[in-house]
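Following: one structure in structure tokens, then a few remarks.
Since this is a predicted model, take the numbers as computed values, not measurements. Positions are given from 1, in the same order as the sequence printed here.
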Amino acid sequence: MPKRYDQAYFDRWYRDPAHSVGSRADLTRQVLFAVAVTEQFLCRPIRSVLDAGAGEGRWQPLLHRLRPKARYAGVDSSAWAVARYGQRRNLRLGTLETLGQLGLDGPFDLVVAADVLHYLTTPALRRALTAITPLVGGVAFLPTFVREDASEGDHHEFQPRRASTYRRLFAEAGLRPIGMHAWIPSHRVGELAALEQPAR
């Protein structure tokens, strides 16, 4: 049975103490890290963020408090989440695969796709990465669980790929790793100091 990203889904995985994974503190650390690594790479404060697979747009309030002048755009496939939070958190309906068709004002300093890619089939993942890469003006923060991880939470439709598979697919899409789920466009690797660059 296909997933339904409705109110019951978000209540279960984000608010029900028996099932929810990741605390408010965990989310805050994630946001702080993604902003810090992007600003370190760009050598300036971030000005724009794209949250792809944003769900309820939980990153938006934290980003707004941290960088009030930064522009935030969220995209999610949940009609319920967009109807509930769309106006307040600047969410629009769409998928990772259709990012290039949504008229987004990119590229963005920071592109986030947190805990999303491991639910996509391989053809959908390839299309999503093809859509994401041109929108990355600085850093892509792409937390993704793989077969080797002892992950918790929603495993329905989880795709148990190896880490090596993701590295290959990300490289094919033009992304290079800089650590801790952060990636930059391949053509910008030369901007890193030698010890910051990924091992060859």
Side-chain angles (χ1 to χ4, degrees), residues 22 26-77 81-82 85-117 120 125 127-144 166-167 169-198:
D26 294 330
L27 177 63
T28 300
R29 279 192 297 272
Q30 204 173 49
V31 172
L32 288 169
F33 172 77
V35 169
V37 73
T38 303
E39 293 185 343
Q40 177 69 13
F41 177 64
L42 294 176
C43 299
R44 61 166 174 79
I46 60 169
R47 299 171 187 149
S48 57
V49 178
L50 170 63
D51 191 357
E56 297 176 335
R58 297 190 312 147
W59 278 59
Q60 188 274 334
L62 295 172
L63 283 164
H64 181 70
R65 282 196 289 275
L66 191 63
R67 295 291 182 269
K69 296 182 179 179
R71 175 174 55 91
Y72 172 92
V75 174
D76 199 80
S77 62
V82 173
Y85 295 99
Q87 186 171 2
R88 189 187 336 164
R89 297 180 177 175
N90 196 31
L91 305 179
R92 69 182 72 186
L93 196 62
T95 67
L96 273 69
E97 299 169 73
T98 62
L99 290 174
Q101 305 165 29
L102 299 179
L104 297 166
D105 187 16
F108 295 82
D109 291 340
L110 170 61
V111 174
V112 178
D115 303 319
V116 178
L117 300 179
L120 301 180
L125 175 60
R127 292 192 294 270
L129 292 172
T130 298
I132 287 171
T133 301
L135 294 170
V136 181
V139 170
F141 183 60
L142 310 173
T144 304
Y166 280 104
R167 291 190 184 100
L169 292 173
F170 284 22
E172 289 174 0
L175 295 172
R176 296 288 297 276
I178 57 172
M180 299 293 287
H181 296 295
W183 303 75
I184 62 171
S186 297
H187 68 273
R188 300 194 65 174
V189 169
E191 298 174 37
L192 299 172
L195 283 177
E196 293 176 324
Q197 296 184 18

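- Inter-residue side-chain proximity for E56 and R89 is flagged as met; some heavy-atom pair is nearer than 4.5 Å.
- Side-chain contact between D51 and F141: absent, with no pair of heavy atoms (C-beta onward) separated by less than 4.5 Å.
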Return all side-chain donor-acceptor pairs below 3.5 angstrom for residues 169-177, not counting sequence neighbours, or 'none' if the list is empty.
unit_1, atom_1, unit_2, atom_2, d
E172, OE1, R126, NH1, 2.8

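- For I46 against R67, the heavy-atom pair with the smallest separation is CG1-CG, 4.0 Å.
- To the nearest 0.5 Å, atom CD of residue Q60 and atom CZ of residue R65 are 9.0 Å apart.
- Put simply, the side chain of V112 does not reach to within 4.5 Å of the side chain of V31, judged on heavy atoms.
- Under the 4.5 Å side-chain criterion, counting only non-hydrogen atoms from C-beta, Y166 is in contact with L125.
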Carefully, step by step, assess I184 and V189 under the rule side-chain contact (heavy atoms from CB on, under 4.5 Å).
-> CA-CA 7 Å; I184 62 171; V189 169; 4.1 Å; yes
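- Residue pairs meeting the salt bridge (charged side-chain N to carboxylate O under 4.0 Å, His left out) criterion with at least one partner in residues 181-193, sequence neighbours excluded, are R188-E191.
- The stretch residues 96-110 participates, sequence neighbours left out, in these side chain to side chain donor-acceptor pair (under 3.5 Å) pairs: R44-D109, T95-T98, E97-R127.
- Looking at R58 and L27, their side chains come closer than 4.5 Å, going by heavy atoms from C-beta outward.
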Taking it one step at a time, do V75 and L104 satisfy side-chain contact (heavy atoms from CB on, under 4.5 Å)?
-> CA-CA 10 Å; V75 174; L104 297 166; 4.2 Å; yes
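- Taking every heavy atom of both residues into account, A182 and V37 meet most closely at CB-CG1, 4.3 Å.
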